Amino acid sequence: MSRSRLEFLGSLAGGLAHEIKNPLSTLKLTLQLLEEDMRKDDSALARRSLRKIEVLLREVSHMDEIVQNFLHFARGHDLKLVQTDLRELIMELLEFLGAEAKARNIELRFDYLGRLDNLVLDAGLLRQALLNLLKNALDAIDPTKGGEVIVRAFVRGDVAGIEVIDTGCGIAPANHERMFRPYFTTKKGGTGMGLPMVRRIVEEHGGQITFESEEGKGTRFLILLPVDPGKHDALQAMVAVDNRPGDQA
Ligand SMILES: Nc1ncnc2c1ncn2[C@@H]1O[C@H](COP(=O)(O)OP(=O)(O)O)[C@@H](O)[C@H]1O
Ligand SMILES: [Mg+2]
């Protein structure tokens with residue numbers, strides 16, 4: 001397909017998603033009001049209706065999530081670049097996930113190396129990206145067996161690296177190629193938009209993301225980011241970097 005045709009289809013799909021967004025939020029709001037009304041009535045009919053309304057609300061929320069993801073993904077983000085302490089950002093995320101990890105018998109660990117307090121990035125977006133990777137890592141571990149999720153961060157010259165490692169189920173080789181494709185998911189109720197979003201955010205920062213995985217053993221994602229995407233030598237630094245941070249940490 002030609003590039004202009006692709007762009008045309010892209011903007012058509014974007015317009016469609018945007019048009020769906022408003023009626024969808026009206027639908028959601030109205031269902032919530034209806035739900036409130038039904039709760040006030042304790043007849044058998046009202047109780048049955050309430051259960052149906054809950055199903056509708058769940059499905060509408062799922063649609064809403066799909067549309068939101070699509071719009072963010074299709075349009076990209078305007079980065080708000082600010083000096084950020086990556087160590088702090090990661091510690092906050094791990095704290096946020098602490099209770100959930102514990103409930104699933106998962107130990108969270110954080111190792112870091114070098115000065116992480118002067119990265120220039122969009123903290124909200126990077127947090128979203130790391131949260132997606134961490135949630136996938138937690139999901140990969142069977143809670144009856146438990147396991148470990150390790151985050152490692154380092155800065156080397158003009159490049160920052162973040163690894164998210166889990167001792168989970170790993171990824172079948174046949175799926176490696178599909179991992180970053182929109183809507184690819186192996187989870188019940190999954191959106192398949194997590195990794196495409198992560199990649200999008202990393203690339204918007206001028207960085208790159210790779211992974212390696214062994215079935216039954218676990219998975220390691222590696223994000224490399226220029227310490228300051230505004231510096232024009234940042235890209236060269238990215239190309240020059242050694243892709244095996246394990247050797248230095
Ligand atoms: N750490 C991981 N370990 C094993 N499989 C993973 C991991 N991260 C992602 N995957 C696989 O990639 C798929 C897509 O992930 P993602 O885009 O985040 O969507 P979702 O989490 O909604 O399924 C997952 O369904 C899972 O099969
Ligand atoms: Mg996910």
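Whatever order the structure lists them in is the order used to number ligands and atoms, beginning at 1. Please read all numbers here as calculations on a predicted model, not as lab measurements.
Heavy-atom proximity to G192, at under 4.0 Å, picks out these atoms of ligand 1: 17 (O), 19 (O), 20 (P), 22 (O). Atoms of ligand 1 found under 4.0 Å from any heavy atom of M179, numbered from 1 in the order shown, are 9 (C), 10 (N), 11 (C), 12 (O). Listed by number with element, the atoms of ligand 1 under 4.0 Å from a non-hydrogen atom of P196 are 17 (O). Residue-ligand proximity, G190 to ligand 1, at heavy-atom distances under 4.0 Å covers atoms 22 (O).
No salt bridge links R58 with E54; every basic N to acidic carboxylate O contact stays at or beyond 4.0 Å.
Taking the six-membered ring for Trp and thresholds of 30 and 60 degrees, F180 and F221 have ring planes more than 60 degrees apart, a perpendicular arrangement.
Using a 4.0 Å cut-off between heavy atoms, T186 contacts ligand 1 through both its backbone and its side chain. By the criterion of a heavy-atom distance under 4.0 Å, the side chain of T219, and not its backbone, is placed next to ligand 1. Of the heavy atoms in L133, none comes closer than 4.0 Å to ligand 1.
The shortest contact between atom 3 (N) of ligand 1 and any protein heavy atom is with A140 CB, 3.3 Å. For atom 14 (C) of ligand 1, the closest non-hydrogen atom on the protein side is F184 O, 3.3 Å. Annotation: atom 18 (O) of ligand 1 to nearest protein heavy atom, N136 ND2, 2.8 Å. Among all protein heavy atoms, the one lying closest to atom 21 (O) of ligand 1 is K187 NZ, 2.8 Å.
Distances shorter than 4.0 angstrom occur between a heavy atom of T191 and an atom of ligand 1. Heavy-atom separations between S213 and ligand 1 are all 4.0 Å or longer. At a 4.0 Å cut-off, not a single heavy atom of G168 sits close enough to ligand 1 to count as contact.
Using a 4.5 Å heavy-atom threshold, the side chains of D37 and D41 count as separate. Counting only heavy atoms from C-beta outward, the side chains of L138 and L108 approach each other to under 4.5 Å. Under the 4.5 Å side-chain criterion, counting only non-hydrogen atoms from C-beta, E163 is not in contact with I150.
Not a single N or O atom of I171, backbone or side chain, sits closer than 3.5 Å to an N or O atom of ligand 1. Distances between N or O atoms of D139 and those of ligand 1 include no value under 3.5 Å. No N or O atom of F221 sits closer than 3.5 Å to an N or O atom of ligand 1. Geometrically, ligand 1 and L195 share a nitrogen or oxygen pair separated by less than 3.5 Å.
To the nearest 0.5 angstrom, I162 atom CD1 is 9.0 Å from F154 atom CZ. Here T84 contributes atom OG1 and L119 contributes atom CG; the two are 7.5 Å apart, rounded to the nearest 0.5 Å. In this structure, CD1 on I66 lies 11.0 Å from OG on S61, to the nearest 0.5 angstrom.
Side-chain heavy-atom separations under 4.5 angstrom define the hydrophobic clusters, and L33 shares its cluster with no other residue. In the hydrophobic clustering (ILVMFWY side chains linked at under 4.5 Å, chained through shared members), V120 is joined by L79, L81, L125, I201.
L195 and I165 are assigned to two separate hydrophobic clusters, defined by single-linkage of ILVMFWY side chains at heavy-atom distances under 4.5 Å. Criterion: ILVMFWY side-chain heavy atoms under 4.5 Å apart, direct or through other members. Under it, L126 and L93 are part of a common hydrophobic cluster.
The Mg ion (ligand 2) lies under 2.8 Å from an N, O or S atom belonging to N136.
When the heavy atoms of V198, V149, T185, D166 are ranked by distance to atom 23 (O) of ligand 1, first place goes to T185.
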